[in-house]
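See structure below.
What's counted below: heavy atoms across the whole structure, side chains too, no hydrogens, waters or symmetry copies.
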Amino acid sequence: MTQDERFLREAIRLSEQAVAHGNEPFGAVLVKDGEIVFASENQIYTKSDPTWHAEAGLLRRFCAETEITNLSEYTLYSSCEPCFMCCGAMVWTKLGRLVYAASDADLCEIFSEPGNPCCEIVFSRSKHRPEVTGGILREESLAILKQYFSLREKG
């Protein structure tokens with residue numbers, strides 16, 4: 001198992017945990033020097049905050065708690081390609097690298113909607129561009145997303 005797979009498995013586990021806590025199935029972990037330094041799950045319902053996505057919530061809390069705002073030496077692992085808002089947060093924090101499992105197009109296909117290459121769109125128009133790797137453990141993440149959203153609408 002590669003390091004990317006190991007950390008993505010944890011993000012996917014957090015996506016399952018989010019569902020158990022009454023939220024949508026998204027999870028994220030922040031890694032530096034091969035160690036998880038922070039983790040978060042989607043909490044839009046439990047916090048009554050539609051902006052508390054796993055990634056944005058993680059970045060918000062990590063920066064507030066550590067007073068570190070330049071994350072160029074960090075990698076964020078996400079169970080699904082982050083949305084435009086979360087990608088914007090990655091630009092503002094100067095994230096070094098992003099690794100995600102399922103893509104936004106994969107997620108939107110569940111709803112028979114066109115997806116967006118969110119990361120590509122936001123990062124290509126920004127001064128700061130994290131390195132991006134997508135599609136690792138895609139099927140594992142997609143199975144959880146399909147199971148959850150086959151019974152519910154998004155957001």
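- Between Ser15 and Glu41 the shortest side-chain heavy-atom distance does not fall below 4.5 Å.
- Across all non-hydrogen atoms, the minimal contact from Cys87 to Pro82 is SG-O, 3.6 Å.
- Of the N and O atoms on the side chains of Ser103 and Glu81, not one donor lies less than 3.5 Å from an acceptor on the other residue.
- No more than 12 heavy atoms of other residues, nucleotides or ligands shown are found within 6.0 angstrom of CD on Gln147.
- For the 3.5 Å distance criterion, the side chains of Asp4 and Thr2 fail to qualify, holding no donor opposite an acceptor.
- The shortest distance between side-chain heavy atoms of Ile110 and Leu142 falls below 4.5 Å.
- For Asn116, the side chain to side chain donor-acceptor pair (under 3.5 Å) test picks out no residue, with sequence neighbours left out.
- At a threshold of 4.5 Å between side-chain heavy atoms, the hydrophobic network of Ile, Leu, Val, Met, Phe, Trp and Tyr places Phe111 and Ile44 in one connected group.
- Between Phe7 and Tyr77, the two ring planes are tilted [angle within 30° to 60°].
- Counting non-hydrogen atoms of other residues, nucleotides and ligands closer than 6.0 Å to CD of Glu109 gives a total of 12 or fewer.
- Rounding to the nearest 0.5 angstrom, the gap separating the CD atom in Glu16 from the CD1 atom in Ile12 is 8.0 Å.
- Shortest non-hydrogen contact noted between Asn23 and Tyr45 is OD1-N, 2.9 Å.
- Remark: the backbone N or O of Leu71 is not paired with any side-chain donor or acceptor of Thr93 at under 3.5 angstrom.
- Under the 4.0 Å criterion applied to side-chain N and carboxylate O atoms, Asp106 and Lys146 are not assigned as salt-bridge partners.
- The CG atom of Leu8 sits 9.0 Å away from atom CD of Glu140, with the distance rounded to the nearest 0.5 Å.
- Remark: Trp52 CH2 to Thr46 OG1 distance equals 9.5 Å, nearest 0.5 Å.
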Task: Derivation of the side chain to side chain contact (heavy atoms under 4.5 Å, CB included) call for Val91 and Phe123 - done: CA-CA 7 Å; Val91 169; Phe123 298 158; 3.7 Å; yes

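- Separation of atoms OG (Ser40) and CD (Gln17) is listed at 10.0 Å; rounding is to 0.5 Å.
- Taking 4.5 Å as the limit, every side-chain heavy atom of Met85 sits out of range of all side-chain heavy atoms of Glu55.
- Other residues, nucleotides and ligands contribute only 12 or fewer heavy atoms inside 6.0 Å of the CD atom of Glu120.
- When the shell of 6.0 Å around CD of Glu73 is examined, it contains 12 or fewer heavy atoms from other residues, nucleotides or ligands.
- Closest approach of Arg60 to Thr51, counting heavy atoms only: NH2-O, 3.4 Å.
- His21 and Gln43 share no donor-acceptor pair across their side chains, judged by distance under 3.5 Å alone.
- Under the 4.5 Å side-chain heavy-atom criterion for grouping Ile, Leu, Val, Met, Phe, Trp and Tyr, Met90 is connected to Leu30 within one hydrophobic cluster.
- Using modelled atom types, one side-chain atom of Ser78 and one backbone atom of Cys80 make a donor-acceptor pair closer than 3.5 Å.
- A salt bridge links Glu10 with Arg13; the closest basic N to acidic carboxylate O contact falls under 4.0 Å.
- Within 6.0 Å of CD in Glu65 there are more than 12 heavy atoms belonging to other residues, nucleotides or ligands.
- Note: the hydrophobic cluster containing Leu59 also contains Ile68 (ILVMFWY, side chain heavy atoms under 4.5 Å, direct or indirect links).
- Between Phe26 and Phe149, the two ring planes are tilted [angle within 30° to 60°].
- Panel note: side chain Arg97, backbone Glu131; no donor-acceptor pair is recorded below 3.5 Å.
- Taking every heavy atom of both residues into account, Asn42 and Ala18 meet most closely at O-CB, 3.8 Å.
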- [ ] Would you sort out whether Arg6 and Gln3 count as a side chain to side chain contact (heavy atoms under 4.5 Å, CB included), showing the intermediate values?
- [x] CA-CA 5 Å; Arg6 180 168 61 106; Gln3 181 168 294; 4.3 Å; yes

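- Across all their heavy atoms, Leu145 and Pro25 have their closest contact at CD2-O, 3.6 Å.
- The minimum heavy-atom distance linking Ala101 with Ser141 is given by the pair CB-CB, 3.6 Å.
- One distance of note links SG of Cys86 with OH of Tyr100; it measures 13.5 Å at 0.5 Å rounding.
- We find the CD1-CD distance between Ile136 and Glu5 to be 7.0 Å, quoted to the nearest 0.5 Å.
- Both Leu98 and Phe62 belong to a single network of hydrophobic side chains, linked directly or stepwise wherever heavy atoms of I, L, V, M, F, W or Y lie under 4.5 Å apart.
- Under a hydrophobic-cluster definition in which Ile, Leu, Val, Met, Phe, Trp and Tyr are linked whenever side-chain heavy atoms come within less than 4.5 Å, directly or via other members, Leu76 and Val31 are assigned to different clusters.
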